[in-house]
Every structure is written in structure tokens, then in C-alpha cells.
Amino acid sequence: MTPHLRNPILAMPLLRYAMLLVAGVAAADTLSASFSTHCWLMTAAAVIAAALITMRRLPAVSNLFALLAVAALGGVCSSLATQKQDALLGLMPQGSNAVMLHDVPVVITSTPSRHNKVWMFEAVVCRGTAPSGTETAVRKIIEGEKVRVSMMCDSSDTPSRKPQLGTSLTATMRLAHLNELHNAGFSLSYIRYLRSHGILATAFIARGNSRETPSLHHLLPIETRACLRLHILRQAMTEQLERLGMPPATTAVISAMTLGVKDSLPASLRKDYSLAGASHILALSGMHLATIFMLLTLFMRRRKPYASCIILAVMWTYVAFTGMSPSVVRAAAMLSIYEIMTLAAHKQHPLNILGAALFLATLFSPQSVWDIGFQLSYLAVFSIHLFSKPLTRWLMPEWRPSDSFYFRVMSMMPENDDIVRGTGATQKRRRKKRSWRWMARYLVVEAEEAMKRLRDYIIGIVIVSIAAQLGTMPLTAFYFGIIPLAFIVTNIIVLPLSAVILTLSCLLYATMGLSASTGGTISFLVAIPLFPLRFAVEAQNALLSAVASLPCSAIAGITVSPVQLLALYVIVFIALRLLMMHGYRSDNQEDKHKDDLW
């Protein structure tokens, strides 16, 4: 067996570089107190120089230095991403973690949610004038950056007076540096969580210290302005869905699966999906984007440069429209690289494509490494491609066509190639007899193919589900304290149903757009996909609620420490090696059997 087959990770250079880049980001975050940006730049320069010096005489050592240079690049990217936080902390008054800013222009960029007496939302600070001194220096740092705002509600606040997405405000706020939350039930660092969402600081606006102003969108960065317009359109589509008369839970699931809006999901429904092991259905992921990619390819010819450009443009617009969650960005990056490689007639291994997507995502947004969705998305795809083949060899025995239903039935049917010989009535009778026999054979073949496809579908879902859970289950237990046990049954039912829901949702949005463009004259078209969509979503909710109510559907209330998490992944790695050794042993036995036959 060749070395690259025994070590599939080493055979994927882009995946190897991506893993080193992520390791560099993690090292920079851990050593942030002792290693500055200049230290990481000097380290990267020194390692690159060592790689160039040893390139000719010691190629193995040069390769090692090149790998260390990739890790150092991750440290540089991470330290540059946190440079503004460090500068902001240095400007805070002595002995304080906050500073008062007056008349700060901001634009609300997320849908506000109410928590007791506080409105919470994200806002981008616009350019504006400020008094001299510390406030000016702070304002220069936070201009164009995102802050998490907590604003006190007025006593007269009603749902109609709720702050709206896209509203421009001028407020006096108390700006604070990111602080850790000491919550035993939250495994991830709160500072890392906020940084992974691009938040620079937190702000508090007291009651009566803000006023609404004319639009300040022209003061925002271009990319922020474009994303804000897409988010406003997404909110309008969500409100239009709510006016269709469907139950709130049904509307919430459709909004979550197609638009990425999960604010209106009931807590009980979230819990049912989590216990049933179907939380990935509510989060936009590769399955959702692959369905949209498939629908786009049905309307235009593939393998043409202009068609690929249109498909990729529509796909990335949808990614920005849905909020650019890490799982969707990962899927879009992989599909884009796959499409480019297909046009260039250059085949790549899926793990290499995954490595390229991970490398680019980490390079452009190093703090997203700490996002839970980012980790679960890449880890699930990596685990599927790593475990699927060994699991297939272990769980599914070799299928022999002689044992199939088709060959058992066909062996009972006599074959007569001379049946067409003869003339007159005899020939007609034989031709009629032949047609009935041909029809019987055709039905048998179709029945056999249908059974084979159904079998392959069920086995494929079982193997993919187990492979994904092997990679993500320790992390899920670490973050959420839940281990789903009914995920195989859930995926067999939900995956085809979710594909139907996504397709019907696309048809629903298309008919809603046509109805709006014609002034409602063809509004009856909306009812065509609406009723089957409502039935499919309600059936999915009912099935998952039934699975979640089973006594052994999940193990909840688990507490996993970082050391235990590392031990679990060591066990998973050992299981992978055993499965791979079993597969190699089976291959060697098959090769030996073939040699004996010859």
C-alpha cells in the first residue's frame, strides 16, 4: 500500500496548510498576552528565511520550516485581527474598562430583540465629528466597526415603537471593552464568540440618550451598506411570509431553513430539533446551498464560463443575503472551487477542496475559527470524507449481483432469441408473447433498480450520519451538553423532506415575486406551492417532536471538560485507524483471492 493511501491527510497539501493556519490562529490567541503583532511578523520572517537558506542542502528541513511559516502566518493574521481591540483597551481611562462617547452616529444592522427592559442589537458606528482628546482617538478606532448595543426601553415602548433594522441613531453611549462572562453553562469564551461575529466592543445607551436621525447609510463602508440592504430585504420577505396565514411555528421553520432568520423559532421547537439530532436542518448549511446550486444548473447549461459565472454570482448573493453564516460560506467556497476546477478540467479530491475553503476562510477572517458553526461545519464535512469509506467496508458486505432479486427472477424466465421466426398468425402470436415477456422483464429491471436505489440511499444516509456524528459528537457534547442517539432515524426521514421543503420554498418565493410585480393580479399562484409546503413543514415538525419525545432519543445534561474533549478525539482517531486497517486487510484478501483464481 502506497504511503499516501495509508495517510490520506498527508496526501492533501491544502488541507495540511489549512490545519497549520488554524493552529497558528489558536496559538496567537493563547499567547496574545506575550506575543504582539511585531513578534509574529519577526517570527514569520525568520522562519521563511530559514526555509530559503536550507532549501538546497536540507530539503526536508526546509519543508519543515515552510510548514512552520504557514502556522506563523496564522499568528500574524490573528494578531492583526485583534489589533483594534488591544488599541481600544489601551485608550480606556486608568482603572476603568469603559469610556463615555457623546453624539455618536450609528446604524442598526441586526433585528433588535427585547430582553426584559433592554433592547439588544448590533450597530455600525458611522464617521462623524468628535471633541478633542481621548474621545476622538476612540472614535477613530471604532468608526466603521460593529458594536453590540444594549439600549434601555422607554416606559412608553410598544411593539410598534421597536427599533427597526436600518434605523439611524445619534446617541450618547458608554463604550466598554469586551469582557468575559463567567457562566458555567457556556463553554466557549464570550470574548471569542463576539470577536467571531466581528464585534469590536459593547455599548450601553441609557433611557432618553438617543434620538432617531435621517438616514446615515451613505456614511457606512460600501460592503456594510450592501449587506444591510440585503438584510432589510430579508426582513421584508420574512414579514411577507408571516402574512400568508400559516401557523407561527411553520413560518419560523421556513424562515430559518431558507432565509437564515431564527429569531422567531419557539424554544420548544428548538429543543425538539436538538434532541432529535436535526439542528443542522434549521441552520443553513451545504445541503441547502447544494439544493439551490442544483436548481440553478437546471435552468442553464453547465461547463460554460458565462453560466458558471452567473451561478456563482447568484450563489454568493444568496450567501450575503442570508447573513454569511460560516457553514454557508464554507459550502459556497467549496462549490466555487469545484466549479472552477471543473472548468479547468482539473480534478481535485474533496478534502483538498475543503482545505482550500478552510485556508481562505481562516486567512480572511481568522476570528471565525472560534465560531461554533464554523467548527461544526468543517469538522462534519472532514469527518464524512474521512470515515465514509472505512465505514462502508465495515458495515456493508460486498454486494453480489447473482444474489439480487433481478437475477433470481430472470433465471426463471426462459430466453428465446428465435421467437420472432415464423409467418402469419404464428408470428403475431409469438410477437405478442415476446412483447409480454419484454414488458415483464422491463418491470422486473425497473423494480430491481428502484430497490437498489432505495437500498443505496438508506445505507448512504446511515453511513454519512454515523461519519458526521463521529467527528462532531464530542464537540456537540462539549458546547451543548447533548448527545443525540436517534440521528440515523431522523436523517432518513428529514433529509429528503427538507429537500422537498427547500424546492417548494424556492417556488413560493418565485410566485410571491411574480405576484408582487404584477400588483397581485396572479396572487392565486402563491397557493400552488403554499399548501404542500405547509403540509411538509408541519409533517417534519410533528415527526421530529415524536422522535424527541422518545425516552432514548438523546443524552442530555452532559458536562465535558477540554481534557475529556481531547481524549474523545483520541478515541475517535484510534477508531479511524482500526477501520482503515480493517479496510486494508479486506483489500489484501480480495487481491489474494483474485490471484488464486488466476
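Keep in mind that this is a model prediction, so the values were computed, not measured.
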Quiz prompt | Sub-4.5 Å side-chain heavy-atom contact between M246 and L530 | solution = yes
Practice problem: Determine which pairs satisfy salt bridge (Lys or Arg N to Asp or Glu O under 4.0 Å) with at least one residue from residues 466-480, sequence neighbours left out, and list them in order. | Solution: none
Quiz item: How far apart are the closest heavy atoms of L282 and V253, and which atoms are they?
Solution: CD2-CG1, 4.3 Å
Exercise. Would you give the length of the straight line joining atom CG of L73 to atom CG of L68, rounded to the nearest 0.5 angstrom?
Key: 12.5 Å
Self-check item: Test side chain to side chain contact (heavy atoms under 4.5 Å, CB included) applied to Y17 and L67, step by step
Solution: CA-CA 7 Å; Y17 299 149; L67 295 177; 3.5 Å; yes
Quiz item: In chain order, what residues pass the ring-ring contact (aromatic ring centres under 6.0 Å, His included) check against F374, with sequence neighbours excluded?
Solution: Y378
Self-check item: Flag side-chain contact, heavy atom, 4.5 Å: L259 against F321
Solution: yes
Quiz item: Does T82 offer a backbone N or O that forms a donor-acceptor pair with the side chain of R195 under 3.5 Å?
Solution: no
Quiz item: Are the side chain of R192 and the backbone of D29 linked by a donor-acceptor contact shorter than 3.5 Å?
Solution: no
Exercise. Heavy atoms only: give me the nearest T317-A313 pair and the separation to one decimal.
Key: OG1-O, 2.7 Å
Exercise. State, to 0.1 Å, how close T472 and A468 come at their nearest heavy-atom pair, and which atoms those are.
Key: OG1-O, 2.8 Å
Self-check item: Side-chain touch P484/L275, heavy atoms, less than 4.5 angstrom
Solution: no
Self-check item: Side-chain donor or acceptor of S383 paired with backbone N/O of L379 under 3.5 Å
Solution: no
Quiz item: If you look only at pairs with a residue in residues 487-498, which of them pass as a side-chain hydrogen bond (donor to acceptor under 3.5 Å, both in side chains), with sequence neighbours excluded?
Solution: H280-N491, S465-N491
Quiz prompt | Candidate pair L568 and M473, rule side chain to side chain contact (heavy atoms under 4.5 Å, CB included), full reasoning | solution = CA-CA 9 Å; L568 287 174; M473 190 178 291; over 6 Å; no
Self-check item: Audit row: R16, M19, side chain to side chain contact (heavy atoms under 4.5 Å, CB included) steps and yes/no
Solution: CA-CA 5 Å; R16 185 165 69 248; M19 294 171 69; 5.8 Å; no
Quiz prompt | Interatomic spacing from CG in L504 to CD1 in I528 - rounded to 0.5 Å | solution = 12.0 Å
Quiz item: Hey, does the side chain of T511 reach the backbone of L508 with a donor-acceptor pair shorter than 3.5 angstrom?
Solution: yes
Practice problem: I would like to know whether L351 and F382 meet side chain to side chain contact (heavy atoms under 4.5 Å, CB included); could you show each step before the answer? | Solution: CA-CA 7 Å; L351 284 179; F382 177 73; 3.8 Å; yes
Quiz item: What is the distance from atom OH of Y193 to atom CD1 of I372, rounded to the nearest 0.5 Å?
Solution: 8.0 Å
Exercise. Heavy atoms only: give me the nearest Y569-P474 pair and the separation to one decimal.
Key: CE1-CB, 3.7 Å
Exercise. Verify the distance criterion only: is there a donor paired with an acceptor across the side chains of Y273 and N541 at less than 3.5 Å?
Key: yes
Practice problem: Spell out, as yes or no, whether a donor-acceptor pair under 3.5 Å connects the side chain of Q564 to the backbone of S561. | Solution: yes
Quiz item: How many angstroms lie between OG in S279 and CG in L376, if you round to the nearest 0.5 Å?
Solution: 9.5 Å
Quiz prompt | Within-4.5 Å side-chain heavy-atom neighbours: F364 and C77 | solution = no
Self-check item: For the student: nearest non-hydrogen atoms of L14 and N352, plus distance
Solution: N-OD1, 3.2 Å
Quiz item: Okay, side chain of Q367, backbone of G198: is any donor-acceptor separation there less than 3.5 Å?
Solution: no
Practice problem: With sequence neighbours left out, write down each residue that passes side-chain hydrogen bond (donor to acceptor under 3.5 Å, both in side chains) with S336, or none if nothing qualifies. | Solution: W316
Quiz item: When rounded to the nearest 0.5 angstrom, what is the spacing between OG in S274 and CG in L544?
Solution: 11.5 Å
Quiz item: To the nearest 0.5 Å, what is the distance between NE2 (H197) and OG (S365)?
Solution: 10.5 Å
Quiz item: Do the non-hydrogen side-chain atoms of V537 and M257 ever get within less than 4.5 Å of each other?
Solution: no
Self-check item: Within-4.5 Å side-chain heavy-atom neighbours: S255 and L241
Solution: yes
Quiz prompt | Under the salt bridge (Lys or Arg N to Asp or Glu O under 4.0 Å) test, residues paired with R148 that sit two or more places apart | solution = E122
Exercise. Please answer whether the main-chain N or O of G75 pairs with a side-chain N or O of S78 as donor and acceptor at a distance below 3.5 Å.
Key: no
Practice problem: Determine the minimum heavy-atom distance between V560 and F478, stating which atoms define it. | Solution: O-CD1, 3.1 Å
Self-check item: Pairwise salt bridge (Lys or Arg N to Asp or Glu O under 4.0 Å) hits with a residue in residues 534-556, at least two apart
Solution: R534-E538
Self-check item: Note, L566 side chain near V563 side chain (heavy atom, < 4.5 Å)
Solution: no
Quiz item: Is there side-chain contact between L495 and I461, with at least one heavy-atom pair below 4.5 Å?
Solution: yes
